[in-house]
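So you know, we letter chains A, B, ... as the sequences are listed, proteins then strands, and number each from 1.
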4 protein chains.
Amino acid sequence: MPQGSNASRRSESSRRAILAATEELCRESGYRRLTIEAIAARAGVGKTTIYRWWPSKGAVVLELLDEAAVVGTAPPDTGDLAADLRSLLTEVIELSTPQDSAPGVGLVAEALQDPELGRELRERLIEPRIATFKQRLRRAQDTGELSPDADLDVALDLLYGPLYHRLALHLGMPDRAHLDALITHVLRALTPPPEHPPTP
Amino acid sequence: MPQGSNASRRSESSRRAILAATEELCRESGYRRLTIEAIAARAGVGKTTIYRWWPSKGAVVLELLDEAAVVGTAPPDTGDLAADLRSLLTEVIELSTPQDSAPGVGLVAEALQDPELGRELRERLIEPRIATFKQRLRRAQDTGELSPDADLDVALDLLYGPLYHRLALHLGMPDRAHLDALITHVLRALTPPPEHPPTP
Amino acid sequence: MPQGSNASRRSESSRRAILAATEELCRESGYRRLTIEAIAARAGVGKTTIYRWWPSKGAVVLELLDEAAVVGTAPPDTGDLAADLRSLLTEVIELSTPQDSAPGVGLVAEALQDPELGRELRERLIEPRIATFKQRLRRAQDTGELSPDADLDVALDLLYGPLYHRLALHLGMPDRAHLDALITHVLRALTPPPEHPPTP
Amino acid sequence: MPQGSNASRRSESSRRAILAATEELCRESGYRRLTIEAIAARAGVGKTTIYRWWPSKGAVVLELLDEAAVVGTAPPDTGDLAADLRSLLTEVIELSTPQDSAPGVGLVAEALQDPELGRELRERLIEPRIATFKQRLRRAQDTGELSPDADLDVALDLLYGPLYHRLALHLGMPDRAHLDALITHVLRALTPPPEHPPTP
DNA sequence: TACTAATCGAGACGGTACGTCGCGTCTTACG
DNA sequence: CGTAAGACGCGACGTACCGTCTCGATTAGTA
């Protein structure tokens with residue numbers, strides 16, 4: 001593909017330096033104290049260069065997380081549905097755990113107040129994971145593990161909801177036992193007792 | 001409570017003016033653009049007076065919401081458990097709906113990044129509602145509507161979780177049908193099929 | 001006049017620090033490289049404090065020169081008109097000589113491009129000196145040294161003009177001999193050969 | 001001049017576009033707001049092209065004025081010395097009058113602070129005019145209109161000085177009457193009353 | 001006529017300073 | 001004393017231009 005003259009003049013090395021500096025500073029002082037000014041200084045880059053390519057510090061952090069995330073587009077499928085769901089949920093839990101938390105939580109907090117950032121966050125980080133999640137559940141429907149008319153959006157709310165609930169309220173992420181309890185409850189609710197369908 | 005001579009010389013009229021100004025400004029420009037500086041100006045109050053009594057703008061807004069909320073400490077009990085749960089959840093949904101959302105959502109966002117504010121938010125706004133919620137569920141256990149060993153913390157996660165989930169992801173609050181689906185699912189999961197207990 | 005409550009809250013110590021820093025920086029690096037940012041840093045003062053009280057760096061420098069100038073409002077009068085004029089002109093020449101030149105020349109340069117600054121410069125620094133100059137010439141008219149209908153504005157142009165001429169063209173200030181030549185010429189032109197008046 | 005193969009590959013059309021853009025922008029927004037960046041944009045030219053051929057915006061403007069000026073190298077000589085001087089002075093006055101003033105005044109202002117630009121300005125714009133001026137005066141000495149030992153440098157100062165004086169002080173250029181008064185005075189001072197020479 | 005190197009347009013880049021905003025503290029005068 | 005008013009030191013903001021630096025794409029003189 002001869003994209004030739006269409007090539008952006010953007011400096012890849014600056015881009016990398018900016019993301020690296022962002023990651024360092026976030027780790028050192030947290031999302032809150034993160035500053036475009038400081039990123040530029042640490043990265044050895046003009047502020048302009050940051051503003052040229054990102055609209056806000058949130059967008060920089062978003063790209064950082066986006067790069068960091070190894071997106072396995074195919075859902076895990078060990079044959080054990082509960083285990084697979086647990087591993088999907090665990091990925092999110094780990095993104096919200098202290099040492100790495102700064103960028104993730106800060107980003108969610110900022111996105112709450114900034115619709116445009118929220119949209120980006122949803123499109124680039126969240127929706128792919130939702131898709132993966134639903135893909136796994138759909139497969140479970142195919143194998144008859146789940147009721148074929150189970151409402152997958154409800155399942156999504158029920159399984160991911162608690163994580164955000166606890167995040168927002170500083171309640172600490174659910175431990176292994178609690179997580180298993182959640183999954184068990186939800187699967188039970190979605191598993192077809194043949195005679196009455198889940199939603200009236 | 002004979003606090004007598006100990007009575008604070010704090011000016012109640014300033015306090016009210018501050019909260020009123022906060023409410024107006026929040027409504028006009030949103031939590032994000034809210035500023036201690038602007039509150040003081042609008043309220044005709046010195047900045048010192050605000051800083052003397054509140055540690056941050058979040059704390060002011062928290063007090064505003066705290067005053068606004070009519071906390072029915074006793075849970076609703078119409079005899080219809082699903083309906084009662086729906087009305088409890090609806091209160092929170094309304095706090096997160098556009099016109100009034102600014103203070104509520106902004107506060108949650110800020111609390112995500114400010115542990116102290118998070119603690120205050122939890123203690124003064126959240127926990128009373130959690131208590132009310134659990135109280136109603138416990139009554140349902142007493143009447144046999146719910147399994148006596150149902151895990152109420154899990155129920156809490158399952159019912160409130162989705163709201164925060166959707167809040168954080170700008171997904172829009174669940175509509176009436178979805179909400180009912182949620183409640184139905186959760187109640188089904190908590191209702192005892194006598195042979196296997198909810199947690200393994 | 002008990003101006004009491006009317007007293008400005010302005011910090012005199014900051015004002016002095018700002019002027020001192022300005023003077024130092026001007027001496028060290030010249031008017032051109034002088035920067036509000038640097039003044040603030042050197043003075044240990046917020047930039048806001050400078051912008052609050054002065055509209056531009058030119059205004060700060062103007063105030064600096066204004067304070068530095070010992071304005072003898074009464075003109076010198078040794079009885080020797082030429083000598084008195086020479087001493088008046090010398091004051092201006094010294095303000096435009098290298099070591100002290102930075103502020104003075106820079107200010108004139110900036111005022112050339114900034115009408116508001118030009119007005120201030122004129123009112124606060126220039127016009128008092130013009131008044132003094134004219135006062136001395138008027139006294140010379142009283143004593144008959146000068147023609148009573150000599151045009152003092154023309155005299156002003158003729159005597160001060162060359163200084164600005166040379167300043168603008170980097171020609172160097174007139175030396176003692178040239179200055180005396182100038183004064184001699186001008187006085188001769190203003191001294192009445194009784195029959196024909198100076199202006200037609 | 002066999003510069004032959006050495007011929008510059010410089011683009012004349014770019015040069016003209018740059019000068020034209022400079023002239024327009026100067027007229028529209030004044031020398032002060034003039035910017036290399038803006039010149040390049042308006043001229044449809046890369047910034048590099050400007051920096052390759054001129055060291056500063058002052059140099060561009062200088063070239064602009066240099067081209068615009070129709071330098072009559074031979075002084076006017078109508079036989080009426082006062083009239084000839086007036087027409088020489090008028091050329092400078094017009095260069096400093098509002099509509100065209102921007103480039104001229106700005107250039108002088110900048111040159112005050114930039115010795116290199118000052119030198120260029122002097123050599124290319126000023127000195128030719130001084131030469132012309134002196135040439136005319138010398139001719140007047142030949143015809144006996146002026147004292148043969150009149151100091152032409154003093155004459156220069158006395159006649160051009162007031163213009164810069166007024167320019168620097170935003171005093172407005174001398175009107176016709178004042179200009180005539182100046183010329184009259186100066187000529188009187190330089191005309192030989194046979195018994196006492198002009199300088200003591 | 002084709003080659004080849006200087007020049008061109010475009011504009012990203014690392015910087016410096018700008019002028020503004022809001023912070024949280026401090027100072028002053030009043031009630 | 002608490003208060004209204006607001007100046008203060010500070011830090012970050014987002015912008016404007018600077019002068020330098022790649023990038024192909026002309027383009028003009030030479031081979």
Protein and nucleotides 1-5 of chain F: nitrogen or oxygen contacts under 3.5 angstrom:
{"residue": "F/dT3", "atom": "OP1", "partner": "B/S11", "partner atom": "N", "Å": "2.6"}
{"residue": "F/dT3", "atom": "OP2", "partner": "B/R52", "partner atom": "NE", "Å": "3.3"}
{"residue": "F/dT3", "atom": "OP2", "partner": "B/W53", "partner atom": "NE1", "Å": "3.3"}
{"residue": "F/dA4", "atom": "OP1", "partner": "B/S14", "partner atom": "OG", "Å": "3.0"}
{"residue": "F/dA4", "atom": "OP2", "partner": "B/G46", "partner atom": "N", "Å": "3.4"}
{"residue": "F/dA4", "atom": "OP2", "partner": "B/T49", "partner atom": "OG1", "Å": "2.8"}
{"residue": "F/dA5", "atom": "N6", "partner": "B/T48", "partner atom": "OG1", "Å": "3.2"}
{"residue": "F/dA5", "atom": "N3", "partner": "C/R9", "partner atom": "NH2", "Å": "3.2"}

Quiz prompt | Residues in side chain to side chain donor-acceptor pair (under 3.5 Å) contact with C/R122, at least two apart in sequence or another chain | solution =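 By the side chain to side chain donor-acceptor pair (under 3.5 Å) rule, C/R122 matches no residue at all.
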Quiz item: Hey, does the side chain of D/T35 reach the backbone of D/A38 with a donor-acceptor pair shorter than 3.5 angstrom?
Solution: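 No, because the side chain of D/T35 does not come within donor-acceptor range (under 3.5 Å) of the backbone of D/A38.
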Distance check needed: [N] [atom2] versus [X] [atom1], whole Å only.
X: A/Y51; N: F/dA16; atom1: OH; atom2: P; result: 13 Å
X: D/K57; N: F/dA16; atom1: NZ; atom2: C1'; result: 13 Å
X: B/I50; N: F/dG6; atom1: CD1; atom2: P; result: 15 Å
X: B/E110; N: E/dC23; atom1: CD; atom2: P; result: 10 Å

Before accepting this row, confirm whether a basic side-chain N of the pair [X]/[Y] lies closer than 4.0 Å to the acidic partner's carboxylate O.
X: D/E28; Y: D/R42; result: yes
X: C/E67; Y: C/R16; result: yes
X: D/R119; Y: D/E116; result: yes
X: B/R32; Y: A/E110; result: yes

Quiz item: Are the side chains of A/W54 and A/I18 in touch, meaning some heavy atoms are under 4.5 Å apart?
Solution: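 SC-SC contact between A/W54 and A/I18 confirmed.
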Quiz prompt | Contacting residues from residues 18-39 of chain A, given that a heavy atom lies under 4.0 angstrom of DNA chain E | solution =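 By residue number: none to list.
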Quiz prompt | Atom CZ of C/R33: over 12 foreign heavy atoms under 6.0 Å | solution =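 Atom CZ in C/R33 is not crowded, with 12 or fewer foreign heavy atoms closer than 6.0 Å.
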